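Because the structure is a prediction, the values reported are computed rather than measured. The chain is numbered in sequence order, starting from 1.
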Amino acid sequence: MAPQILSPKEMLEKLVSFDTTSVKTNIPLIEFVEGYLASHGIDSVRVPSGNGIHTSLHAVIGPGDVPGIGLSGHTDVVPVEGQNWSTNPFTLTQKGSRLYGRGACDMKGFIACILSHAPKFKERDLKTPIHLLFSYDEEVGCTGVRPMIEELGGRLPAPRLVIVGEPTSMKVVDAHKSINGFETVVTGLESHSGKPHLGVNAIMAAGKLVSELTRIDDELRMRADGPRFDPPYTNVAVSLIEGGTARNITPKSCNISWMFRSVPATDPEEITSRLAKFAKEEVLPAMKDVYPDASIETVQKSRVPSLNAPEGSPAVSLALKLAGQNETFAVSYGTEGSLFEEAGFSSVIIGPGSISQAHAPDEFIEESELEVCSGFLGQIADYAEAN
Ligand SMILES: [Zn+2]
């Protein structure tokens, strides 16, 4: 039987039908992709997660002994729970020029274009190979791609550069903010609320830390050191607070979940060390006067660095040339691109669909975006054959 060739839309329909919400398994989707690639004579290699329910997939089309052009996409999607969808999110539904479905835009659209194009890549006499880098758990802190990046240059061939197809409406993005998440645990001492001097109120101590974070946020907003970004500054936000047991008990503990999204010009260390200094010098001494074991501990829970592609970045130069554009953009969301760049692989972000549709109910992609992306992949094939 001749191997199946699917159009980008048909491929997207197939990919959307797998519910790959980050907490769920992505293995049925990966099995489908492996089978499809194998039917076209393309081998692929898994990089499984420790818990066995997820895997990344790496494939090489063309020569295996020279660095290639990496095409990177995450296979997981954000949850649909609590969202009001007017179609079944896991059945690709066309209405006019729009294709609706969870992940249609972020970012199964890009993966669908790549897989639809894979047989054409395979037919070409490529001098530079095309590497496919499909990950998991991007939506929960870009954690799934990290084990695969560690293997690049070892078990897996290293790419020369990486094109990350997050939705940018096919514009070339060379910079994004960082995302850093933290939990600060304040430990005080319980007492009867009528004997406050015998306890250490963890929530009120936490309140002082929240005020300091608010001051830092205000100052960073005034500094506005990211004019290319929207908004043009680093922001700090406290997002969740838990603590206390009852109104008449001095609370012994309080947890603060907070985060910041920093522009490349802001040093992330500045924020964490300032909070630590404030805690140590302004909050903790009075707590320890009453209770020597009182503590304030901050643990980093997630980290995606900012991306700031250097002048003359090979990935950015190639993307601009092949997309026929001469302007780059900066975005406020994080991507796997900064992790590739940090590991020494020049990276750029360009992919079909608008970020405004990502994560939203009734997520969709314009069919024309898939066509533009397929044209871009055709340019990559021409370049990889000639160079
Ligand atoms: Zn995404």
Side-chain angles (χ1 to χ4, degrees), residues 11-12 14-38 40 42-62 64 67-78 102-103 106-118 121 129-167 302-305 307 315 334-349 351:
M11 184 58 79
L12 183 56
K14 188 74 196 167
L15 298 179
V16 165
S17 74
F18 296 99
D19 175 0
T20 53
T21 306
S22 307
V23 296
K24 298 183 181 169
T25 180
N26 73 335
I27 288 177
L29 180 147
I30 293 291
E31 278 171 354
F32 161 74
V33 173
E34 282 170 330
Y36 175 84
L37 291 173
H40 291 283
I42 301 164
D43 293 335
S44 52
V45 176
R46 289 188 187 193
V47 184
S49 66
N51 66 5
I53 67 163
H54 295 126
T55 186
S56 291
L57 195 70
H58 186 280
V60 178
I61 308 172
I69 296 172
L71 301 177
S72 154
H74 62 82
T75 62
D76 61 320
V77 295
V78 293
R102 172 52 86 221
D106 184 11
M107 57 182 295
K108 290 177 172 175
F110 182 62
I111 297 177
C113 290
I114 295 170
L115 292 174
S116 172
H117 212 92
F121 286 138
I130 308 286
H131 295 179
L132 310 187
L133 301 134
F134 298 150
S135 70
Y136 59 91
D137 275 356
E138 189 273 348
E139 298 289 7
V140 290
C142 292
T143 52
V145 75
R146 295 171 206 243
M148 180 160 58
I149 290 176
E150 277 172 25
E151 299 217 37
L152 298 176
R155 180 167 72 112
L156 305 172
R160 194 167 84 206
L161 54 89
V162 180
I163 294 168
V164 180
E166 287 284 351
S302 62
R303 175 186 171 269
V304 178
L307 174 68
T335 77
E336 294 171 342
S338 59
L339 294 169
F340 283 109
E341 187 83 34
E342 193 174 63
F345 306 112
S346 178
S347 296
V348 64
I349 321 298

To the nearest 0.5 angstrom, please state how far the [atom1] atom of [X] sits from the [atom2] atom of [Y].
| X | Y | atom1 | atom2 | value |
| --- | --- | --- | --- | --- |
| Leu307 | Glu336 | CG | CD | 12.5 Å |
| Met107 | Thr335 | CE | OG1 | 8.5 Å |
| Glu341 | Ile349 | CD | CD1 | 9.0 Å |
| Asp106 | Glu166 | CG | CD | 5.0 Å |
| Ile61 | Leu71 | CD1 | CG | 8.0 Å |
| Glu138 | Ser22 | CD | OG | 8.0 Å |

For Phe134, ring-ring contact (aromatic ring centres under 6.0 Å, His included) partners two or more places apart: none
Quick check: does any side chain N or O of [X] sit under 3.5 Å from a backbone N or O of [Y], one acting as donor and the other as acceptor?
| X | Y | answer |
| --- | --- | --- |
| Thr20 | Thr75 | yes |
| Thr21 | Val77 | no |
| Ser116 | Cys113 | no |
| His74 | Asp76 | yes |
| Tyr136 | Asn26 | no |
| Thr25 | Ile53 | yes |
| Ser56 | Val145 | no |
| Ser49 | His54 | yes |

Full working for side-chain contact (heavy atoms from CB on, under 4.5 Å) between Leu156 and Leu133: CA-CA 10 Å; Leu156 305 172; Leu133 301 134; over 6 Å; no
So, for [X] and [Y], which heavy atoms are closest and what is the spacing to 0.1 Å?
| X | Y | value |
| --- | --- | --- |
| Ala112 | Leu15 | N-CD1, 3.7 Å |
| Asp43 | Ala59 | O-CB, 3.5 Å |
| Pro305 | Leu339 | CD-CD2, 3.6 Å |
| Gly144 | Ser135 | C-CB, 4.5 Å |
| Ala158 | His131 | O-CE1, 3.5 Å |
| Arg102 | Lys108 | O-CD, 4.4 Å |

side-chain contact (heavy atoms from CB on, under 4.5 Å) between Phe18 and Val33, intermediate numbers included: CA-CA 11 Å; Phe18 296 99; Val33 173; over 6 Å; no
Are [X] and [Y] side-chain neighbours, meaning at least one heavy-atom pair lies under 4.5 Å?
| X | Y | result |
| --- | --- | --- |
| Glu31 | Arg46 | yes |
| Tyr36 | Met11 | yes |
| Pro159 | Leu152 | yes |
| His58 | Arg155 | no |
| Leu57 | Leu132 | no |

Trace of the side-chain contact (heavy atoms from CB on, under 4.5 Å) decision for Ser338 with Val304: CA-CA 7 Å; Ser338 59; Val304 178; 3.6 Å; yes
Mutual orientation of the aromatic rings belonging to Phe340 and Phe345 [parallel < 30°, tilted 30-60°, perpendicular > 60°]: perpendicular
